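Working notes, beginning with the structure itself.
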There are 2 protein chains.
Amino acid sequence: MRKARRSGRVTLAEVAREADVSAITVSRALRDPEQVSKATMERIDAAVRKLGYAPDMAARALASRHTNVIGVLIPSVTNNVFSDVLRGIYDALDGTRYHLQLGNTRYSVLEEENLLRIFLSQRPAGLIVSGIDQSPATRAILENANCPVVQIMETGPDPVDMMVGFSHREGAKAAVAHLAEAGYRRIAFLGARMDPRTQRRLQGYQDALKQYGLGEDADLIVTTPRSSSVTLGGWLFGELVSRRPDVDAVFCNNDDIALGVLFEAQRRNIAVPHALGVCGFNDLEMMASACPSLTSLRTHRERMGREGIDMLIRAIEDDRPEERVVDLGFEVMRRESSTGPAR
Amino acid sequence: MRKARRSGRVTLAEVAREADVSAITVSRALRDPEQVSKATMERIDAAVRKLGYAPDMAARALASRHTNVIGVLIPSVTNNVFSDVLRGIYDALDGTRYHLQLGNTRYSVLEEENLLRIFLSQRPAGLIVSGIDQSPATRAILENANCPVVQIMETGPDPVDMMVGFSHREGAKAAVAHLAEAGYRRIAFLGARMDPRTQRRLQGYQDALKQYGLGEDADLIVTTPRSSSVTLGGWLFGELVSRRPDVDAVFCNNDDIALGVLFEAQRRNIAVPHALGVCGFNDLEMMASACPSLTSLRTHRERMGREGIDMLIRAIEDDRPEERVVDLGFEVMRRESSTGPAR
DNA sequence: TTGTACGCGTTATCAG
DNA sequence: CTGATAACGCGTACAA
């Protein structure tokens with residue numbers, strides 16, 4: 001006779017025996033109490049509590065061929081931008097039956113592809129991915145995943161399935177337009193980690209310059225492939241000033257850079273906003289508290305997370321929203337750092 | 001005859017048929033190529049690729065009664081402190097066969113307990129939890145989890161299993177001692193979200209005051225249960241100044257608060273460091289770049305993550321480190337914001 | 001090195 | 001509302 005290889009855990013069968021019903025009844029009672037009579041429900045409840053039963057997710061997934069796992073892929077856990085999105089995601093998940101499985105792609109399309117394969121091998125109920133710059137292979141995987149998919153952070157013309165975000169190009173354009181309208185004329189672009197999303201912000205910057213008849217000047221665009229930080233903002237600004245001492249405003253690819261610019265300007269006794277206008281991107285919490293307070297483009301990160309999950313869950317539960325692409329827009333938060341140059 | 005309820009996915013059996021071997025051979029080939037002859041390995045490889053086979057994690061977990069999932073519980077995804085820890089964790093996990101499952105307890109012992117139950121129902125290979133302030137129930141669960149457990153972020157006398165962190169009380173004491181030695185005499189404590197960890201930092205502050213013969217003054221301790229932010233740092237400082245205009249230094253429970261203090265001081269024309277010494281806690285990247293640069297207590301967050309995972313994996317693979325408790329210490333980063341009061 | 005037989009704990013299906 | 005039976009896809013134990 002073969003050996004039993006039980007794991008020591010309490011199983012449905014044992015609960016069933018204790019409650020004097022069949023296993024399937026316990027299974028039903030746990031998943032949908034409505035389907036079971038009140039009396040048996042009570043006995044089952046008691047048995048569950050007495051034995052300390054906890055369902056085995058693996059067995060459940062195997063038998064039902066689905067899980068309540070929602071896979072979320074973000075490019076960075078260190079970036080404040082994504083932590084806000086995550087907060088929205090957690091909030092939206094609260095009280096639902098879905099769990100979160102988080103993957104960190106570290107801005108690598110290859111890692112994204114690998115993580116996606118791993119996720120799909122767990123039969124997720126739905127997937128959330130960041131951005132619209134998936135590799136063709138990743139895109140193919142997503143299109144064949146037999147679960148709903150939401151792309152967040154950005155909108156674009158060709159959603160895999162659903163989308164919630166905003167146009168980074170339009171956002172950047174609006175921010176730079178604000179600097180131009182405030183009277184700044186030699187507006188620089190400071191950018192770190194020049195990924196496709198940042199490239200689109202650069203395009204928005206160029207769009208605005210053109211619109212306001214401010215000729216382009218390659219010296220005013222200072223970028224680096226390194227990932228952004230406050231310190232890096234200071235360096236980029238130093239480089240900019242050495243190239244073009246007459247620069248009168250900077251549009252920063254994100255808020256860390258902008259804060260670094262502010263500190264470096266203070267160090268060099270360059271007055272913000274009279275000698276230098278500063279504008280960031282994302283509007284992290286600190287921007288409003290800085291001295292002077294820092295202008296930035298507010299993006300609705302928490303909402304992207306929350307609405308992404310809402311759309312996903314609706315799709316999972318066969319109640320797809322009508323609009324497949326939701327544009328949450330942005331808002332230029334005008335503050336002291338961009339009130340205009342001295343005249 | 002019963003209906004088959006196949007899911008449409010490619011299974012081991014199909015790969016086996018394609019490669020003309022038995023299913024178990026494919027299973028072995030995938031998990032440990034050494035066990036299979038080179039020739040069959042190649043056929044299996046080809047079949048896997050041809051059919052696009054991906055293992056079913058649920059089936060694997062059910063049959064083997066274990067997973068390669070490492071569960072990590074952190075109190076916040078928004079807090080920079082934990083994102084650094086996470087980065088260390090991801091780095092350490094890179095190239096291993098283990099996956100991360102992240103849980104966000106939102107500083108709630110109840111949520112921690114719930115998440116733990118969910119995690120354990122998936123038979124994790126190991127667990128990482130943050131801090132040493134688990135509820136008795138949580139602690140009991142952890143002690144009965146049949147997998148290794150590492151507590152990170154803090155050290156304490158009574159590890160559940162393993163531990164890697166530092167003493168927040170000693171850290172705070174060292175930071176405040178530095179302020180005292182720089183010549184500051186009326187040193188305040190500014191704290192947000194007064195969780196037990198923050199309370200221990202407050203004790204360290206009091207230890208240092210006592211050591212330097214600086215009598216305690218309740219007015220110099222300004223706290224709030226709200227969670228910390230730069231803005232909140234400004235408010236707390238405002239409250240402090242209205243209570244005790246003669247304060248000459250602040251020790252901040254974290255760096256966000258410290259930055260908020262700096263901005264608010266600038267707004268009020270209070271000179272840092274001559275009229276006010278400022279010291280933060282954690283030494284986030286921005287501290288060194290601020291103007292003036294901000295003194296802070298550096299903690300080794302990335303290393304805590306990395307070494308936590310290393311210890312855990314060693315334990316999982318039956319190679320437990322000898323030291324169950326690793327104290328990574330801290331370092332006072334002396335910068336411009338605490339060079340001493342005007343004399 | 002490879003294969004056979006079976007069990008892991010649950011749910012789908014069909015019958016009552 | 002409840003139950004019997006057979007899958008779900010894979011790994012373990014043992015045998016060859």
Side-chain angles (χ1 to χ4, degrees), chain A residues 1-44 47-48 51-68 97 120-123 125 146, chain B residues 1-44 48 51-68 97 120-123 125:
Chain A
M1 196 183 106
R2 300 279 170 175
K3 270 203 206 120
R5 39 181 162 116
R6 319 244 9 276
S7 63
R9 289 179 52 144
V10 180
T11 70
L12 258 194
E14 298 173 52
V15 175
R17 203 175 313 131
E18 177 75 26
D20 201 31
V21 290
S22 72
I24 187 64
T25 302
V26 179
S27 170
R28 278 197 279 254
L30 264 38
R31 281 174 298 151
D32 186 5
E34 308 288 301
Q35 288 187 50
V36 169
S37 78
K38 196 142 181 296
T40 52
M41 189 65 218
E42 277 166 15
R43 271 182 301 142
I44 290 173
V48 165
L51 301 179
Y53 168 77
D56 183 317
M57 292 309 182
R60 187 171 269 189
L62 181 58
S64 70
R65 279 148 310 157
H66 72 258
T67 65
N68 291 331
R97 60 204 180 87
L120 286 174
S121 79
Q122 325 202 18
R123 307 173 181 282
N146 52 3
Chain B
M1 196 184 106
R2 300 281 171 172
K3 273 207 204 113
R5 35 179 165 120
R6 319 239 14 272
S7 61
R9 287 179 51 143
V10 180
T11 69
L12 258 193
E14 298 174 52
V15 175
R17 204 174 312 128
E18 177 75 25
D20 200 33
V21 291
S22 73
I24 186 64
T25 303
V26 179
S27 168
R28 278 196 280 251
L30 264 41
R31 281 172 300 148
D32 187 4
E34 307 289 300
Q35 288 186 49
V36 168
S37 77
K38 197 144 178 292
T40 51
M41 189 63 219
E42 276 166 16
R43 270 182 302 144
I44 289 173
V48 165
L51 301 178
Y53 169 77
D56 184 318
M57 292 309 184
R60 188 172 269 189
L62 182 57
S64 70
R65 278 149 312 162
H66 71 256
T67 65
N68 291 331
R97 59 205 182 88
L120 286 174
S121 79
Q122 325 204 17
R123 309 173 181 284

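Keep in mind that what you see is a predicted model, and the values were worked out from it rather than measured.
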*Rounded to the Å, how far apart are B/Ile44 CD1 and C/dT2 P?*
8 Å

*Rounded to the Å, how far apart are A/Arg17 CZ and D/dG3 P?*
14 Å

*Nearest 0.5 Å please: distance from the CD atom of A/Gln122 over to the CG atom of B/Asp56.*
9.5 Å

*From the list C/dA12, D/dC10, C/dT10, which nucleotide is the closest neighbour of the side chain of A/Arg65?*
C/dA12

*Where do A/Glu14 and A/Glu18 land on the side-chain contact (heavy atoms from CB on, under 4.5 Å) test, with the steps shown first?*
CA-CA 6 Å; A/Glu14 298 173 52; A/Glu18 177 75 26; over 6 Å; no

_d(CG, B/Leu30; P, D/dG11) in whole Å_ = 8 Å

*Would you say B/Leu30 and B/Val48 make side-chain contact, with heavy atoms under 4.5 Å?*
yes

*Which of residues 19-29 of chain A sit near DNA chain D, with a heavy atom under 4.0 Å from it?*
A/Val21, A/Ser22, A/Ile24, A/Thr25, A/Arg28

*Distance (rounded to the nearest 0.5 Å) between B/Arg28 CZ and B/Glu34 CD*: 14.0 Å

*Not counting sequence neighbours, which residues clear side-chain contact (heavy atoms from CB on, under 4.5 Å) with A/Ala125? List them please.*
A/Tyr98, A/Ile316

_Does a side-chain N or O of B/Ser37 approach OP1 or OP2 of C/dT2 to a distance below 4.0 Å, or not?_
yes

_Residue pair B/Val26, B/Tyr53: steps toward the side-chain contact (heavy atoms from CB on, under 4.5 Å) verdict_ = CA-CA 11 Å; B/Val26 179; B/Tyr53 169 77; 5.6 Å; no

*Report yes or no: does A/Ser64 contribute a side-chain atom to a donor-acceptor pair with the main-chain N or O of A/Arg60 at less than 3.5 Å?*
yes

*asked:* Below the 4.0 Å mark, does C/dT2 have OP1 or OP2 next to a side-chain nitrogen or oxygen of B/Arg43?
replied: no

*Do any side-chain nitrogens or oxygens of A/Thr40 fall under 4.0 Å of OP1 or OP2 in D/dC1?*
no

_Among D/dC8, C/dT2, C/dG7, the nucleotide that comes nearest once only the side chain of B/Ala63 is considered_ = C/dG7

*Whole Å only: how far is the CG atom of A/Leu62 from the P atom of D/dC10?*
9 Å

*Pull out every residue in residues 51-58 of chain A that has a heavy atom closer than 4.0 Å to any atom of DNA chain C, ordered by number, or say none.*
A/Tyr53, A/Pro55, A/Asp56

*D/dG11 phosphate, OP1 or OP2, under 4.0 Å from B/Arg60 side-chain N/O*: yes

*If you check every side-chain atom of B/Arg31, which of C/dG9, D/dT2, D/dT12 has the closest atom?*
D/dT12

*Protein-nucleotide distance (B/Arg123, atom CZ; C/dG9, atom P), rounded to Å*: 6 Å

*For the side chain of B/Ser121 and the backbone of A/Met57, is there at least one donor-acceptor N/O pair under 3.5 Å apart?*
no

*asked:* Determine whether a donor-acceptor pair (N or O, by modelled atom type, separation under 3.5 Å) exists between the side chain of A/Arg123 and the backbone of A/Thr67.
replied: no

*asked:* What is the separation between atom NZ on A/Lys38 and atom P on D/dT2, rounded to the nearest whole Å?
replied: 13 Å

